[in-house]
Novice: 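My structure is below; once you've seen it, I'll send some questions.
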Amino acid sequence: MDNKQYWTAVATSEYIKGDKPIGIVVHGIELVLFRDQNQCVRVLEDRCPHRRVPLSLGTVCEGRIRCAYHGWSFDGSTGACVDIPNLDRGERISPRYRVKTFQTCERDGFVFVAPSSEKSEPPGVDVENNPPSELNELYGNSCIAMPVTEYVAALLDGPETLLRFGGVGVSDFFLGDPVYRGNWLVCDREASWDRGSKPPGIKAISRPLILRVEIERHKCAAKVWLLNADEEPLAVVTMGFSSGMRSTTTLCWRYRQFPAWRHNAPVWLRLFQLLGLSAVDVYTSIPGDGIAGLLKGPSRHLELHVMDQHKQVESGGELSC
Ligand code: FES
């Protein structure tokens, strides 16, 4: 499937600020993001039409992006060149001097981009019926040194190699086979509160938690939930990803904690968090041996689904979720 046609969360809202434009590669397309004078996020191709210098090397000035090389300025909504320094009197700016623009919107604390020109309503990252979350929000933007397909597969087969909820250990046990719920492939694993230093010989027999990984069917978004045994949400990491340059993954994520976390978390964990233990770590540096050692499990379902879709396309059928 070509993911260029889908809206993708490419950055957290906080990441796009100030006078420094941000260069991001989304589905292999080099983009530059910045805020205009009205604080709307604008997304352009990251290439000056003059000498092809990346516009992300420039600056944002009065809500327009100015190229670092010869100082041409471009309007974020139209992509048109609106200023060229040292133009002779009477000289006009050619309408040919224009940068390609992309549809964008902000929702749920993410900036979404539609790499195709298709007009459509962007999706929210969050699923319906989410309970209200609390203030405790962490977020990040990074470039991961592995291909996006492998990142998604590792999220399903071994999420502990990519992230960790503070004070939570994940077991090897899957709670049934992955299933599709609407557009999301859902996979549950057993988990438990874990201090990480149990006395030797004593095993934790109670596993009161569930780690649920949901992968959006276009493989542009994921949610990793921490649930209690009644499947009540305690916390969630919402992720947007796409393929970056040279087989990397462009990743943005947000963590949200729900009121139920406080009622379920053990006292020692609440204390540890007060003393500075991070509520979540989403790894930016991923050890190769951890990934290489993962057994192929739930990710097979994603592959089978993609194969089914290809077969349907080849036979001229309608795509299903
Ligand atoms: S290369 Fe951008 S203004 Fe010349």
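Whatever order the structure lists ligands and atoms in, that order sets their numbers, starting from 1.
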Novice: For ligand 1, which atoms sit closer than 4.0 Å to a heavy atom of His50?
Specialist: 1 (S), 2 (Fe), 3 (S), 4 (Fe)

Novice: Indicate the ring-plane relationship of Trp225 and Phe258, choosing parallel, tilted or perpendicular according to the 30° and 60° boundaries.
Specialist: parallel

Novice: For ligand 1, is any non-hydrogen atom under 4.0 Å from Tyr69's backbone (N, CA, C, O), its side chain (CB onward), both, or neither?
Specialist: side chain

Novice: Assess whether a salt bridge exists between Arg164 and Asp281, defined as any Lys/Arg side-chain N lying under 4.0 Å from an Asp/Glu carboxylate O.
Specialist: no

Novice: Could you tell me the angle subtended at atom 2 (Fe) of ligand 1 by SG of Cys48 and SG of Cys67, rounded to 10°?
Specialist: 110°

Novice: Taking the basic N atoms (NZ, or NE/NH1/NH2) and the acidic carboxylate oxygens, is any pair closer than 4.0 Å for Glu45 and Arg52?
Specialist: no

Novice: Closer than 4.0 Å to some heavy atom of Arg51 - which atoms of ligand 1 meet that?
Specialist: 1 (S)

Novice: Looking at side-chain heavy atoms only, is the closest gap between Val113 and Trp7 below 4.5 Å?
Specialist: no

Novice: Measure the shortest side-chain to side-chain distance between Leu163 and Met239 over non-hydrogen atoms and say whether it is less than 4.5 angstrom.
Specialist: yes

Novice: Report, in ascending order of atom number, the atoms of ligand 1 lying under 4.0 Å from any heavy atom of His70.
Specialist: 1 (S), 3 (S), 4 (Fe)

